[in-house]
Novice: 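Here's a structure for you.
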Amino acid sequence: MNFSSIKEYFYKLYNVCYLITLFPLGIFIYLYLQMQVGKLNSLVQELDKILMFQIGLVVIALVALTTVHLVISRKIKKIRTVPSLGDRLEYYYYFSIQRMMGIAVASSFMALGLWLTNSDLFSILYLVILIWLSLQWPSPKMACKDLALRGDEREMVLYKRDTLG
């Protein structure tokens with residue numbers, strides 16, 4: 001990724017993260033509205049199968065979120081030792097996109113569950129995933145924390161400065 005300033009870096013990162021986030025959100029909103037109007041009928045009608053889908057999709061989403069969190073956290077810890085701040089930020093860019101993609105996949109499972117069962121449980125779980133996404137959003141403060149930045153590097157990233165002083 002090419003960026004000429006820290007402001008441009010976060011601008012590009014935010015744009016990609018918004019696109020990744022908005023696609024499953026749009027699908028979920030569409031399905032939810034169709035369900036509310038009565039145009040969307042559940043494909044699964046039997047209560048025991050609905051419960052099975054609820055448990056199964058929740059477990060799959062939790063496993064996906066946990067795996068993504070652990071794998072990305074491990075990768076980010078490895079790049080803390082890279083000497084150049086620019087290189088660390090470039091790695092962080094790709095890892096942040098991977099993190100957002102994992103969250104988008106987990107939220108897509110909630111949309112799938114809503115489509116299959118028309119259960120309001122998936123609406124609640126989708127909101128929980130959105131809250132999780134907001135806690136994982138790659139802000140300058142999060143980048144400083146994840147990359148364990150100190151001193152001048154922290155000031156540059158936190159306040160989006162291009163130079164010191």
Side-chain angles (χ1 to χ4, degrees), residues 1 6 9-80 88-149 154 157-158 160:
M1 177 186 133
I6 303 237
Y9 169 83
F10 281 104
Y11 178 77
K12 288 181 178 181
L13 180 60
Y14 287 166
N15 284 340
V16 172
C17 289
Y18 283 133
L19 286 173
I20 292 169
T21 305
L22 287 177
F23 183 70
L25 181 63
I27 292 171
F28 190 85
I29 289 172
Y30 174 77
L31 291 173
Y32 187 79
L33 289 175
Q34 293 299 315
M35 184 184 83
Q36 293 299 316
V37 186
K39 292 183 179 178
L40 181 67
N41 296 323
S42 65
L43 298 176
V44 180
Q45 301 290 332
E46 300 168 16
L47 289 178
D48 58 336
K49 287 186 180 180
I50 289 175
L51 183 62
M52 190 172 64
F53 274 107
Q54 287 174 337
I55 293 170
L57 289 173
V58 168
V59 168
I60 289 171
L62 282 174
V63 168
L65 287 173
T66 304
T67 303
V68 166
H69 181 73
L70 293 175
V71 168
I72 297 299
S73 295
R74 190 172 300 133
K75 287 181 179 181
I76 287 174
K77 285 181 184 177
K78 286 182 182 178
I79 65 167
R80 288 179 179 170
R88 280 183 277 169
L89 287 175
E90 190 164 333
Y91 288 124
Y92 187 73
Y93 176 85
Y94 294 111
F95 295 152
S96 295
I97 290 173
Q98 290 173 0
R99 182 185 290 162
M100 291 298 120
M101 288 294 290
I103 295 171
V105 167
S107 65
S108 296
F109 285 121
M110 297 305 107
L112 176 66
L114 182 70
W115 179 58
L116 291 174
T117 66
N118 280 5
S119 174
D120 288 332
L121 172 72
F122 292 108
S123 302
I124 295 166
L125 293 174
Y126 193 86
L127 289 175
V128 169
I129 290 176
L130 285 179
I131 292 169
W132 177 253
L133 178 125
S134 70
L135 295 174
Q136 298 296 314
W137 193 259
S139 66
K141 186 176 181 180
M142 183 70 135
C144 289
K145 182 182 144 239
D146 284 343
L147 297 173
L149 298 179
R154 179 178 171 79
V157 171
L158 195 56
K160 298 179 187 172

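Any value given below was found using the heavy atoms of this structure, including those in side chains, with hydrogens, waters and symmetry copies removed. Owing to the predicted nature of the structure, the values given are computational and were not obtained by experimental measurement.
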Novice: What pair of heavy atoms forms the shortest contact from V16 to I97, and how long is it?
Specialist: CG1-CD1, 3.6 Å
Novice: Taking it one step at a time, do R99 and F95 satisfy side-chain contact (heavy atoms from CB on, under 4.5 Å)?
Specialist: CA-CA 6 Å; R99 182 185 290 162; F95 295 152; over 6 Å; no
Novice: Mind checking side chain to side chain donor-acceptor pair (under 3.5 Å) for E46 and listing every partner two or more places apart, or none if nothing turns up?
Specialist: none
Novice: Counting only N and O atoms by type, is there a donor-acceptor contact under 3.5 Å from the side chain of T67 to the main-chain atoms of A64?
Specialist: no
Novice: Taking the side chain as C-beta and beyond, is there a heavy-atom pair between I50 and Q45 under 4.5 Å?
Specialist: no
Novice: Assess whether atom CG of L47 is packed by more than 12 heavy atoms of other residues, nucleotides or ligands within 6.0 Å.
Specialist: no
Novice: May I have the step-by-step check of side-chain contact (heavy atoms from CB on, under 4.5 Å) for T117 and L43, ending in yes or no?
Specialist: CA-CA 6 Å; T117 66; L43 298 176; over 6 Å; no
Novice: Compare every heavy atom of L13 with every heavy atom of S96, then report the nearest pair and how far apart it is.
Specialist: CB-CD1, 3.9 Å
Novice: What is the distance from atom CG of L125 to atom CG of L57, rounded to the nearest 0.5 Å?
Specialist: 10.0 Å
Novice: Taking all non-hydrogen atoms of both residues, which atom of L31 and which atom of A111 are closest, and how far apart?
Specialist: CD1-O, 3.5 Å
Novice: Do Q54 and S119 meet the criterion of a side-chain donor-acceptor pair at a distance under 3.5 Å?
Specialist: yes
Novice: If I take atom CD1 from residue I60 and atom OG from residue S108, how far apart are they, to the nearest 0.5 angstrom?
Specialist: 12.5 Å
Novice: Quick check: closest heavy atoms across L158 and K141, and the distance to 0.1 Å?
Specialist: CD1-CA, 3.7 Å
Novice: Using ring centroids (six-membered ring only for Trp), state whether Y30 and W115 fall under 6.0 Å.
Specialist: no
Novice: Rounded at 0.5 Å granularity, tell me how far CD1 in I76 sits from NZ in K145.
Specialist: 9.0 Å
Novice: Considering the options F23, W137, F10, which one meets the ring pair (Phe, Tyr, Trp, His ring centres under 6.0 Å) requirement together with Y18?
Specialist: W137
Novice: Are the side chain of Y126 and the backbone of L25 linked by a donor-acceptor contact shorter than 3.5 Å?
Specialist: yes
Novice: Would you compute the distance between atom OH of Y14 and atom CE of M100 and round it to the nearest 0.5 angstrom?
Specialist: 10.5 Å
Novice: Of all heavy-atom pairs between W132 and H69, which one has the smallest distance, and what is that distance?
Specialist: CZ2-ND1, 4.0 Å
Novice: Using modelled atom types only, decide if a donor and an acceptor are shared between the side chain of R80 and the backbone of D146 within a distance under 3.5 Å.
Specialist: yes
Novice: Where is the tightest heavy-atom contact between M35 and D120, given as atom of each residue plus distance?
Specialist: CE-OD1, 3.4 Å
Novice: To the nearest 0.5 Å, tell me how far I79 CD1 sits from Y92 OH.
Specialist: 8.5 Å
Novice: Among I20, V68, I129, which one satisfies side-chain contact (heavy atoms from CB on, under 4.5 Å) with I103?
Specialist: I129
Novice: Quick one: does any side-chain atom of Y32 pair with a main-chain N or O of S123 as donor and acceptor, under 3.5 Å?
Specialist: no
Novice: Rounded to the nearest 0.5 Å, what's the gap from CD on Q36 to CG on N118? Could you check?
Specialist: 9.0 Å
Novice: Is the backbone of V63 close enough, under 3.5 Å, to the side chain of T66 for a donor and an acceptor to pair up by distance?
Specialist: no
Novice: Test your reading of the model: is there a side-chain donor-acceptor pair from S139 to the backbone of M142, 3.5 Å cut-off?
Specialist: yes
